Amino acid sequence: MSGRSTTHAGAHDPVPTWTPRLGDLAYDSATDQVGVVVDTPGAEVQEYRLRPESGGAECEWAAAADGSTLTPAAS
């Protein structure tokens with residue numbers, strides 16, 4: 001052993017393997033819903049916004065900005 005220890009910052013943090021884009025169909029594990037991504041985090045938006053496939057802006061919901069609860073959904 002060299003006496004040197006190796007640590008990885010955030011080694012236990014979830015690593016997103018998929019970055020949702022506008023129009024993508026995503027499953028949100030936090031809400032157990034599938035929806036279309038209608039907004040993504042950026043300068044003016046602080047989270048992902050999703051809407052049911054059937055539409056309805058009044059039914060939109062927010063998902064975490066890091067996308068950690070979102071995975072691709074089968075269409």
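Computed over heavy atoms, backbone and side chain alike; hydrogens, waters and symmetry mates excluded. These numbers come from a predicted model, not from an experiment. We count residues from 1, following the sequence as given.
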By side chain to side chain donor-acceptor pair (under 3.5 Å), which residues pair with R51, not counting sequence neighbours?
E60
So, taking the atom named CG in D39 and the one named CD in E47, what distance separates them when rounded to the nearest 0.5 Å?
8.5 Å
Who pairs with P72 by side-chain contact (heavy atoms from CB on, under 4.5 Å), at least two apart in sequence or on another chain?
W18
List the atom pairs, donor and acceptor, that lie under 3.5 Å between side-chain atoms in residues 21-30 and the rest of the protein, sequence neighbours left out.
{"unit_1": "D24", "atom_1": "OD2", "unit_2": "R21", "atom_2": "N", "d": "2.8"}
{"unit_1": "Y27", "atom_1": "OH", "unit_2": "D32", "atom_2": "OD1", "d": "2.7"}
{"unit_1": "D28", "atom_1": "OD1", "unit_2": "A30", "atom_2": "N", "d": "3.1"}
{"unit_1": "D28", "atom_1": "OD1", "unit_2": "T69", "atom_2": "OG1", "d": "2.8"}
{"unit_1": "D28", "atom_1": "OD2", "unit_2": "T31", "atom_2": "OG1", "d": "3.3"}
{"unit_1": "D28", "atom_1": "OD2", "unit_2": "W61", "atom_2": "NE1", "d": "2.9"}
{"unit_1": "S29", "atom_1": "OG", "unit_2": "T69", "atom_2": "O", "d": "3.3"}

Y48 vs V37 side-chain heavy atoms within contact, under 4.5 Å:
yes
Could you check if a side-chain atom of L50 sits within less than 4.5 angstrom of a side-chain atom of L70, using non-hydrogen atoms only?
yes
